[in-house]
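Hydrogens, waters and symmetry mates are skipped; everything else that's a heavy atom, side chains included, is used. Quick note on labels: first sequence line is chain A, next is B, and so on, each numbered from 1.
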Amino acid sequence: MINLEAIRHSLSHVLAEAVQKLYPDAKLGFGPAIDNGFYYDFDIKDKIGTEELEKIQSAMKKIIKNKVKRFNHETMPIDEAIKLYSDKGEIYKVELIEELKAKGETEVSIYRQESWSDICKGPHIEKMGDIPKNCWKLDRVAGAYWRGDEKNKMLTRIYGLAFESLEALEEYIKMREEAQARDHRKLGKELELFMFSDLVGKGLPMLLPKGATMRRVLERFVIDEEIRRGYEHVITPVLGKVDLYKASGHWDHYQDSMYNPIDIEGEQFVLRPMTCPHHFEMYKGKPHSYNDLPRRFAEVSPLFRFEKSGELSGLIRLRNFTLADAHIVCTIEQLKDEFKAVLELLKYIMDTLGISDKVWFRASLRDDTKDKYVDNPKMWEFSEKLLIDILDDLGWKYEVALGEAAFYGPKLDIQIKNVNGKDDTIITNQIDLVLAERFDMEFTDRDGQKKRPVIIHRSSIGCLERTIAFLIEHYAGAFPFWIAPVQVKLLSISEKLNDYAEEVYNKMFDAGIRVEKDVRDEKLGKKIREGRLMRIPYLAILGYDEKESGKITLRNRDTGEQASYSVDEAIDKMILMDRKKSNTLII
RNA sequence: GCCGUUGUAGCUCAGUCGGUAGAGCGCAUCCUUGGUAAGGAUGAGGUCACCGGUUCAAUUCCGGUCAAUGGCUCCA
């Protein structure tokens, strides 16, 4: 049986040996197996580019050629190991061994391939000959901070792909290429959904008419649904005084993600990175009784967050984005039911968008060892337990992520994988027992006493831009009828049918269907091709027969089948489909 | 921000081992009035991302900047 992990791990050692052969000064960092191969980090003076990568790959092949060369497992007293690696100048390895020693270890495990060796737990294959032929290749070079900490030196990381066979490797590479075909950035351009401009600025997306239509559809959907569920929709400014964020604590905890203040007549304003303080001020605009609670302030809220240039990515990471945001102010007794209701709304939205199968839940809790969190252990204990209880009550599966909480409370995140296989948060909700205190929010309880409410921060459909990105990738641009920016396109087979196209167009347009017409002097085949490339749910063919019978022939995007309907019947069915938000085309 | 890669027409891309550029699609005009994934012809369109340097000559070589992208950090 092939132990893939051992192969990957062994290849990382081969990589390290090859690099140190070519660059004797290179110092070793970490070199683990990962889920598509392996990497090794080096502290290396020379620039490693594509050419160097090829040389390293050749050097690796030379090492592997010696099929009988073995990976021998040895152990060594820990002080001897420290001396050995100190003598070699392997400062990073020494750091690791010192740490093992501090933990009470007395010896270390070493794998040796003849003259080259590395401290390592294993497992490894026995000998070079156990590496399947051509099952691996070096992939790319990247920078990576020592121990993943920005404050440390950046090392050179070399990634390699490795699988159990050449076929598996080729399959993986092919899969990766195919995934790129549904990349929202590529489809966004092809389907004319959004664009960026250097003059406007990076991370600042512009939704083109079709993208804006999609966003409007999602926005209306979510606003209507929220209002139905007792939310009050509000509109607040995208700027706020610095003092507002000092009051909320964001100025202390979140300043790295905020833009520099703007001076207006001597007062300092910032572009808002979140909406909560605005909503809190709104809550405080009048006194509240327990009878008024919960109050659920919702807003489709443009936000501005500073992201380092290298962190931007299509519509997924932006500097200006729009969050379907809300803040629920309620009593602590109401908290559990309110949070459950939020989760039920989320489930409904995921189901409606058709992405329930793709998402998973993450309980993001505090990590005691980090100091970014509000210091109130009792509060944390209560809110984290509450979150877990709610999830367990609902019977939802979730994973726990320590250190992913907000500074003021635990989060329930909804996670999704993008086309490159990376996890992203699509929606996040927080339980907050802190900010009501900071903003001095209160309500009068039935006993006449002033009390503190608690707050739920939640999103419903996430950031519209990011959600749109995932929808593009999930559907590969072939959106459900109710989301599709263009729902039907009318294709006249000749200019002589253009008057009929105009007539049908007006009927559909008046019925609220998102309809386009193609009345150019082009062949039908060409119009169909272009309509299909745009993934339009229905192409309606208008020829002499159709005109005569007052019908249209609809071609179904998903099945490729086509059938004729009277215009009124087609409109009725389309209105129904739109209203039901169905993911299948019913005619 | 850092490490690597990339930047040629609106789009997708070719090309120039240094002598200022091409294709297809798109666009405009004309012909064609055509029934299921590209009908034909003609034409317009490029400071080869930007700024410097080397050179008789730079889109090509070198340096810097900007932007995109794969990682790292961060994150909705």
Numerically ordered, the residues 546-559 of chain A set in heavy-atom contact under 4.0 Å with RNA chain B is A:Glu546, A:Arg555

Roughly how many Å is it from CG in A:Leu318 to C1' in B:A76, rounded to a whole number?
9 Å

Specify the closest pair of heavy atoms between A:Glu192 and A:Leu208, including all atoms of both residues, with the distance to one decimal.
O-CB, 3.5 Å

With a 4.0 Å limit, can you tell me whether A:Lys411 has a side-chain N or O closer than that to the phosphate oxygens OP1/OP2 of B:A76?
yes

Below 4.0 angstrom from OP1 or OP2 of B:G40, is there any side-chain N or O of A:Lys523?
no

Does A:Lys151 reach a base, just sugar-phosphate, or nothing at all? Heavy atoms under 4.0 Å.
nothing

Six-ring centre of A:Tyr231, A:Arg458 cation under 6.0 angstrom, axis tolerance 45°:
yes

Does the structure show A:Phe321 stacking with B:A76, if we require the centres to be closer than 5.5 Å and the planes to be within less than 30 degrees of parallel?
yes

Close residues, residues 491-504 of chain A, relative to RNA chain B [heavy-atom separation under 4.0 Å]
A:Ile493, A:Ser494, A:Glu495, A:Lys496

Counting only side-chain N and O atoms of A:Lys45, is one of them less than 4.0 Å from OP1 or OP2 of B:C3?
no

Let's see if you can work this out: which of B:A37, B:A76, B:A67 has an atom nearest to the side-chain heavy atoms of A:Arg466?
B:A76

NA contact type, A:Ala142, heavy-atom cut-off 4.0 Å: base, sugar-phosphate, or nothing?
base

Cation-pi check, A:Arg8 onto A:Phe38 ring (under 6.0 Å, within 45° of axis)
no

Under the 3.5 Å Watson-Crick or G-U criterion, the dot-bracket string of RNA chain B, with | for inter-strand pairs:
(((((((..((((.....[..)))).(((((.......))))).....(((((..]....))))))))))))....

At 4.0 Å (heavy atoms only), tell me whether A:Gly29 reaches a base, stays on the sugar-phosphate, or touches nothing.
nothing

Just to be sure I understand the rule, does A:Arg185 reach a base, reach only the sugar-phosphate, or reach nothing, if contact means heavy atoms closer than 4.0 Å?
sugar-phosphate

Indicate, with a heavy-atom threshold strictly under 4.0 Å, whether A:Arg317 touches base, sugar-phosphate, or nothing.
base

Please determine if a side-chain N or O atom of A:Lys526 lies less than 4.0 Å away from the OP1 or OP2 oxygen of B:G26.
yes

Using a heavy-atom cut-off of 4.0 Å across all strands, would you classify A:Tyr159 as base, sugar-phosphate, or nothing?
sugar-phosphate

Does A:Ser459 put a side-chain nitrogen or oxygen below 4.0 Å from OP1 or OP2 of B:A76?
no

Under 4.0 Å between any heavy atoms, over every strand shown, what does A:Leu323 touch: base, sugar-phosphate, or nothing? Just pick one.
nothing

Could you tell me whether A:Gln562 contacts a base, only the sugar-phosphate backbone, or nothing, with contacts defined as non-hydrogen atoms closer than 4.0 Å?
base

